[in-house]
Amino acid sequence: MEGAPTNFWGKLKKDAEGQVTAWHPLLDHCADVAAVAETLLALPLWRARLARLAGRDDLDQVTRARLAVLAALHDIGKLNLGFQAKAGVQRSATAGHVTEALAALWQNVLCDRLAVIGRWGPGSTGLLVSAICHHGRPYHPEACSAAYQHSWWTRSDGLDPAVGAGDLLAATKRWFPLAFDGHAPDLPDSPAFEHAFAGLVMLADWLGSDTEFFSFTREGDPDRISHARDMAGRITREMALDTASARQPDPLSRDAFTRVAPTGYHPRTIQTAVRDLPIVAHGAVTLIEAETGSGKTEAALAYFVRLFAEGTVDGLYFALPTRTAATQMFERVRAAIKQAFADPPPVVLAVPGYLRVDEAEGTRAPNDTSEGRCLAPFEVLWDDHDRFRFRGWAAENPKRFMVGAIVIGTIDQVLLSSLLVKHAHLRATALLRHLLVIDEVHASDAYMTQILEDVLARQVTAGGQALLLSATLGGETRDRLLEPGGDQTRPTLVDTLATPYPLVSQQPGCQKRLAVAPPREARSRAVRMAPEPWLEDPTCVASCAVAAAARGAKVLIIKNTVKDCLDTQEAVELSAGARHEILFACGGVPAPHHSRFARVDRVLLDHTLEQQLGKNRAAGGCIVVATQTVQQSLDLDADLLITDLCPADVLLQRI
């Protein structure tokens, strides 16, 4: 609508002076969000995951319609006149709409208008609160009671919140008549389902606020719901939330491993064992334990292709311990997915600030100066706007990473789904439909492992899938992660030593664990280790490294702290003198490799590191001084490793 609002508004456009130039009616915005929620609930895996959390086999049509009604009520707080006052230039007496709505519910304001919702079962109140808390943080209505002001909910200046609530509820009866006329069990009444529904409404509100699809209503437009439903179907397809188009039979009739493996690559024993695993449709944790270089990554990607083709997952989140590992893995996965699919889903790099999707790299608009802010309307520019405008949506904000189809990121993004942080519900709900792959799972400390158990328990309870990769996992951690949330007895040393290696384990639902011990391949590598008394002396470390590099060796020095890394780098540069060619350099400047660089420098450092210590490295000596940023999930090759003391499993990983 052009000009200033003449009724309750949900979205505004203002000019530079703060004057309203256009407005979107609140009823129509609620229709947009409800249509997106309805579309998401109709997608088979989204529906199946939420149904499992509700303890049901499925969510029937009436239940889905009632949930869509609750999603439509997410912005009922915008009826308060303090919020509506934001349409004016003066903002001194304005209000929000989340805590204000909860306060009104606690004070029994509008309850007569919403009485029908209460007849849908005791779970309806909690689900309504979940919908209202759609801005990423949950609140308890009682805690919000102080936000209540009677004047905000009393008729004034031609606006009556009670009438507005009645109009909104009447509209939902037109949009979703089955919710009011049909018969169904009570709405689910479980905390797990409430959390998942909260995440779904957060996503629906984010999508329903995109003005390229959900443009502002114009004077004379018909009832919004038909247009909203059309746009909801389009936006879920464009953003690969609906992946049906990619789930087509392979035109070349290749098996899953051939689709992701390099040309002419034959599966190794560990890969064959994973290829032959049964698919457990109702939730499973699978664990691959095998040495570095045995092909766990290709095994994981082939497993994903199998699950995706069967409709058991809609996407993939490949979690790695460091940003450097994630950026390198992104290129491997991108190449494999492009080879595997005729119509590949978007491949997203989930590392804050990188803005990578498929082969495209986005840039932030000049008026967007923060890595964390990118709400609708969008502030990221893509070279090929038409193609990547929506394929790149999930990459534009860390809170949205999990919404992507094929996502490569760091483990911390996964763990945030089980912490009390903003939009944790959105992360958790979106993650449920993915195959969650966690590389180097042994790298998690006790705190991270405890959180990871919670993530895995939620994933399996919802019928989801997880695949864990490790070269050096301890026996106790193995049991905890395979049966997250269970009461495991601590394995004895004898039992642990008797466990075969390599090993593929799978823990489906209530069935007995399947364990496959592939035969060892005839591959070996000789490593000579020597403890030295001078490892804490940067000058001695530098002298040893420079001598080896002068003989043509690739030398990797790993220090446990950034300070020691910097001190050692200075000593190496001093010891090398005029022999600059043996120093690891980025853009002609000698540099260490650690986590405290700006984003643009991290990208250059990672790329240069792969060139100088990767598979296609050039001949000649080179010294790299680094912290733990290089020790995991990277395809690097050095001749001499000089490392600080570290736990035995980490030492094996560094080797």
Please step through side chain to side chain contact (heavy atoms under 4.5 Å, CB included) for the pair Leu468 and Leu473, ending with a clear verdict. CA-CA 10 Å; Leu468 315 178; Leu473 191 65; over 6 Å; no
CD-CG distance between Gln465 and Leu456, expressed to the nearest 0.5 angstrom: 12.0 Å
Is there a donor-acceptor contact under 3.5 Å from the side chain of Thr63 to the main chain of Leu59? no
Audit row: His434, Asp314, side chain to side chain donor-acceptor pair (under 3.5 Å) steps and yes/no: CA-CA 6 Å; His434 287 319; Asp314 269 350; over 6 Å; no
For Leu431 and Arg427: C-alpha separation, side-chain torsions, deciding distance, then whether side chain to side chain contact (heavy atoms under 4.5 Å, CB included) applies. CA-CA 6 Å; Leu431 182 61; Arg427 296 173 187 270; over 6 Å; no
Search all heavy atoms of Leu481 against all heavy atoms of Glu453 and return the closest pair with its distance. CD2-CG, 4.2 Å
Rounded to the nearest 0.5 Å, the NE2 atom of His24 sits from the CZ atom of Phe214 at a distance of 9.0 Å
Regarding Arg247 and the six-membered ring of Phe308, is the cationic atom NZ or CZ under 6.0 Å from the ring centre and inside 45° of its axis? yes
Is a side-chain donor or acceptor of Gln507 paired with a backbone partner of Asp479 at a separation under 3.5 angstrom? no
Partner of Trp206 under ring pair (Phe, Tyr, Trp, His ring centres under 6.0 Å), chosen from His135, His423, His134: His423
Check Arg433 against Ala240 and note the closest heavy-atom contact, atom names and distance. NH2-O, 4.3 Å
In Å, rounded to the nearest 0.5 Å, how long is the span from CG of Asp28 to CG of Asp221? 8.0 Å
Taking Arg137 for its side chain and Lys422 for its backbone only, find out whether a donor-acceptor pair lies under 3.5 Å. no
Quick check: do Val437 and Tyr317 have side-chain heavy atoms less than 4.5 Å from each other? no
Given side chains that start at C-beta, do those of Asp32 and Phe213 come closer than 4.5 Å, heavy atoms only? no
Heavy-atom pair of closest approach, residues Gly118 and Ser124: CA-OG, 3.7 Å
Determine the minimum heavy-atom distance between Ala37 and Ala71, stating which atoms define it. CB-CB, 3.6 Å
Heavy-atom closest contact (Tyr139 atom, Cys144 atom, distance): CB-SG, 3.7 Å
Distance-only, no hydrogens or angles: does the Arg237 side chain make a donor-acceptor pair with backbone N or O of Gly233 under 3.5 Å? yes
Quick one, Leu73 and Cys30 - any side-chain contact, counting heavy atoms below 4.5 Å? no
Heavy-atom distance under 4.5 Å between the side chains of Leu41 and Trp46, does that happen here? no
When you look at Thr99 and Leu102, which way does the side chain to side chain contact (heavy atoms under 4.5 Å, CB included) test go after all the steps? CA-CA 5 Å; Thr99 56; Leu102 298 176; 5.5 Å; no
Indicate yes or no for a side-chain donor-acceptor contact from Glu100 to the backbone of Trp152 under 3.5 Å, with no hydrogens or angles considered. no
With sequence neighbours excluded, residues passing salt bridge (Lys or Arg N to Asp or Glu O under 4.0 Å) with Arg174: Asp223
If you look only at pairs with a residue in residues 56-77, which of them pass as a salt bridge (charged side-chain N to carboxylate O under 4.0 Å, His left out), with sequence neighbours excluded? Arg47-Asp58, Asp75-Lys78
Within the structure provided, determine whether Trp23 and Asn7 are in side-chain contact (heavy-atom separation under 4.5 Å). yes
Do His425 and Ser130 come close enough that some side-chain heavy atom pair is under 4.5 Å? no
Ile117 CD1 to Phe180 CZ distance, which is reported to the nearest 0.5 Å: 5.0 Å
Residues passing the salt bridge (Lys or Arg N to Asp or Glu O under 4.0 Å) test with Arg113, sequence neighbours excluded, are none
Check whether the side chains of His74 and Asp205 place a donor and an acceptor atom closer than 3.5 Å, and report yes or no. yes
If only atom types and distance count, is the side chain of Thr243 paired as donor or acceptor with the main-chain N or O of Ala246 below 3.5 Å? no
Quick check: does any side chain N or O of Arg400 sit under 3.5 Å from a backbone N or O of Trp393, one acting as donor and the other as acceptor? yes
Can Ser418 and Arg458 be said to form a side chain to side chain donor-acceptor pair (under 3.5 Å), step by step? CA-CA 9 Å; Ser418 281; Arg458 181 180 63 239; 2.8 Å; yes
For Leu277, does its backbone N or O pair with a side-chain atom of Arg306 as donor and acceptor, under 3.5 Å? yes
Okay, side chain of Thr429, backbone of Ala196: is any donor-acceptor separation there less than 3.5 Å? yes
Would you give the length of the straight line joining atom CZ of Phe216 to atom CE of Met1, rounded to the nearest 0.5 angstrom? 11.5 Å
Any side-chain heavy-atom pair from Thr236 and Leu40 closer than 4.5 angstrom? yes
Please walk me through it: do Phe330 and Val357 pass side chain to side chain contact (heavy atoms under 4.5 Å, CB included)? CA-CA 9 Å; Phe330 171 78; Val357 178; over 6 Å; no
Going from OG on Ser417 to CG on Asp412, what distance comes out if it is rounded to the nearest 0.5 angstrom? 11.0 Å
Any heavy-atom pair between the side chains of Met448 and Ile411 that's under 4.5 Å? yes
Distance-only, no hydrogens or angles: does the Arg49 side chain make a donor-acceptor pair with backbone N or O of Gly463 under 3.5 Å? yes
Looking only at non-hydrogen atoms, find the nearest pair between Ala326 and Ile408 and report the distance. O-CG2, 3.5 Å
